[in-house]
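When reading the values below, keep in mind they use all heavy atoms of this one structure, side chains included, and skip hydrogens, waters and symmetry mates. Since this is a predicted model, take the numbers as computed values, not measurements. Numbering starts at 1 and runs along the sequence shown.
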Amino acid sequence: MADFPDVVSVATKLKNEVIRYYNVEDDEWRLTKKTKDTTVWRKPSEEFSGYLYKAQGIVEDVPNRIIDHIRPGPYRLYWDSLMTSMDIVDEFEENCCIMRYTTAGQLWNIISPREFVDFSCTTDYEDGILSCGVSLDYGEVKPGYVRGFNHPCGWFCFPLKDNPRHSLLIGFIQTDLRGMIPQSAVDTAMASTLSNFYSDLRKTLKA
């Protein structure tokens, strides 16, 4: 993508936006799903008519290894049950890349398979790591897929001070699935997807 704009400015804007979500006060979030070891909240998105979701849970491993499994790369496709393909379209020196990936249908295919093209960047943040991304309008859509759009999203991972072999993983996700889908189906799918994401991640890290 020779015509891609300045990578540093795009990455800086993206990181600042996700850090702003991280600093949103607790009372602005509404609980949407809670399991034994993962909690998901949401608030109306400022980017589109859906929700910004916040997910949080403890994961048994160090931040570097956890983020290596989340960011674009060989690990992600191996364990993420929702993702069906992933290709790195372009790579940049600043720990940034552009990836194209597809996701499986959900809710008995009420939500059909989706395709995304995202700009992704990973960086240190405080005593942990931040990996964040945002969708791009790029290229033709694969036949049989609907092109979804991720507004600024990100994963923060911090080591626990009293147990550095465990980490706090906090995600902020706001995905516009597009297409003709009832909002209630989207809300159900997002909460379950985030909960399953933590479950799948924990299983593969323990393997």
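Aromatic ring centres of W155 and Y22: separated by at least 6.0 Å. Close placement of the F197 and W79 rings is indicated, their centers lying within 6.0 Å of each other. Here the two rings, on F156 and Y125, have centers that are under 6.0 Å apart.
The structure places SG of C132 at 12.0 Å from CZ of R71, a figure rounded to the nearest 0.5 Å. Here CD1 of I67 is found 7.0 Å from OG1 of T122. Values are rounded to the nearest 0.5 Å. Interatomic distance, CZ of R65 versus CD of E60, reported as 10.5 Å (0.5 Å rounding). If you take CD on E17 and CD1 on I19, they are separated by 10.5 Å, rounding to the nearest 0.5 Å. Annotation: the span from I129 atom CD1 to N64 atom CG amounts to 4.0 Å, rounded to 0.5 Å. A distance of 12.0 Å separates NE2 in H151 from CD in E46, rounded to the nearest 0.5 Å.
Residues L201 and H69 have side chains in contact (heavy-atom distance under 4.5 Å, counting atoms from C-beta outward). Side-chain contact between K142 and T102 is present, with heavy atoms from C-beta onward closer than 4.5 Å. Side chains of V146 and S112 form a contact here, defined as non-hydrogen atoms less than 4.5 Å apart. The shortest side-chain heavy-atom distance between M99 and L136 does not fall under the 4.5 Å cut-off. Using a 4.5 Å cut-off on side-chain heavy atoms (C-beta onward), L82 and T193 make contact. Looking at S167 and F158, their side chains never come closer than 4.5 Å, going by heavy atoms from C-beta outward. Looking at heavy atoms from C-beta onward, P113 lies in side-chain contact with Y145 at the 4.5 angstrom threshold. Two residues are said to be in side-chain contact when any heavy atoms from C-beta on lie closer than 4.5 Å; D87 and Y101 fail this criterion.
Ionic pairing of R178 and E115 is not present here: no N-O contact between side-chain nitrogen and carboxylate oxygen is shorter than 4.0 angstrom. Using a cut-off of 4.0 Å between Lys/Arg side-chain N and Asp/Glu carboxylate O, D118 and R100 are scored as not salt-bridged. A salt bridge links R202 with D37: the distance from a Lys NZ or Arg NE/NH1/NH2 to an Asp or Glu carboxylate oxygen falls below 4.0 Å. Salt bridge R147/D137: absent, no basic N to carboxylate O contact under 4.0 Å.
Counting only N and O atoms by type, the side chains of S195 and T38 include no donor and acceptor under 3.5 Å apart. If you check the side chains of K34 and T39, you find a donor sitting under 3.5 Å from an acceptor. No side-chain N or O of T84 forms a donor-acceptor pair with one of R114 less than 3.5 Å apart. Donor-acceptor pairing under 3.5 Å is lacking for the side chains of Y138 and D90.
Residues C157 and P63 share a closest heavy-atom pair of SG-CA, 3.6 Å. In plain terms, the two heavy atoms of R76 and I70 that are nearest each other are NH1-O, 2.5 Å. Nearest heavy-atom pair across L194 and Y53 is CD1-CB, 3.6 Å. Of all heavy-atom pairs spanning W29 and F172, the tightest one is CZ2-CE2, 3.7 Å. Pairing each heavy atom of G154 with each of V18, the nearest pair is CA-CG1, 3.8 Å. Shown here for P72 and M86, the closest heavy-atom pair between the two residues is CA-SD, 4.1 Å.
With sequence neighbours excluded, no residue forms a side chain to side chain donor-acceptor pair (under 3.5 Å) with K13.
Residue V117 is not grouped with residue F48 when hydrophobic side chains (ILVMFWY) are merged at heavy-atom distances under 4.5 angstrom, including chains of intermediate members. One hydrophobic cluster, built from ILVMFWY side chains closer than 4.5 Å, cannot hold both V141 and M83; they sit in different ones. Linking Ile, Leu, Val, Met, Phe, Trp and Tyr whenever their side-chain heavy atoms come within less than 4.5 Å puts M190 and Y51 in one cluster.
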Run K15 and L130 through side chain to side chain contact (heavy atoms under 4.5 Å, CB included) and show every step you take. CA-CA 8 Å; K15 288 183 283 190; L130 164 62; 4.3 Å; yes

Determine, stepwise, if the pair I66 / L169 fulfils side chain to side chain contact (heavy atoms under 4.5 Å, CB included). CA-CA 9 Å; I66 292 169; L169 180 65; 4.3 Å; yes

Which is it for R42 and D187 under the salt bridge (Lys or Arg N to Asp or Glu O under 4.0 Å) test, yes or no, and what are the steps along the way? CA-CA 10 Å; R42 73 182 188 193; D187 297 341; 3.4 Å; yes

Where do T175 and F149 land on the side chain to side chain contact (heavy atoms under 4.5 Å, CB included) test, with the steps shown first? CA-CA 6 Å; T175 300; F149 193 93; over 6 Å; no

Begin from the C-alpha positions of K54 and V40 and carry the test side chain to side chain contact (heavy atoms under 4.5 Å, CB included) through to its verdict. CA-CA 6 Å; K54 174 183 177 180; V40 181; over 6 Å; no

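Paired with H166 under the rule side chain to side chain contact (heavy atoms under 4.5 Å, CB included), one option of V59, V62, D61, L160 passes, and it is L160. Tested against S9 for a side chain to side chain contact (heavy atoms under 4.5 Å, CB included), the candidates V7, D6, T12 yield a single pass: D6.
Put simply, the side chain of Y21 never gets that close to the backbone of C153: no donor and acceptor are under 3.5 Å apart. Side chain of S135 to main chain of N150: a donor-acceptor pair is present (N/O by atom type, distance under 3.5 Å, no hydrogens or angles).
Within the hydrophobic cluster formed by Ile, Leu, Val, Met, Phe, Trp and Tyr side chains joined at under 4.5 Å, directly or through other members, V8 stands alone, with no partner residue.
Taking a 6.0 Å sphere around CD of E126, one finds it holds more than 12 heavy atoms contributed by other residues, nucleotides or ligands. No more than 12 heavy atoms of other residues, nucleotides or ligands sit less than 6.0 Å from atom OH of Y75.
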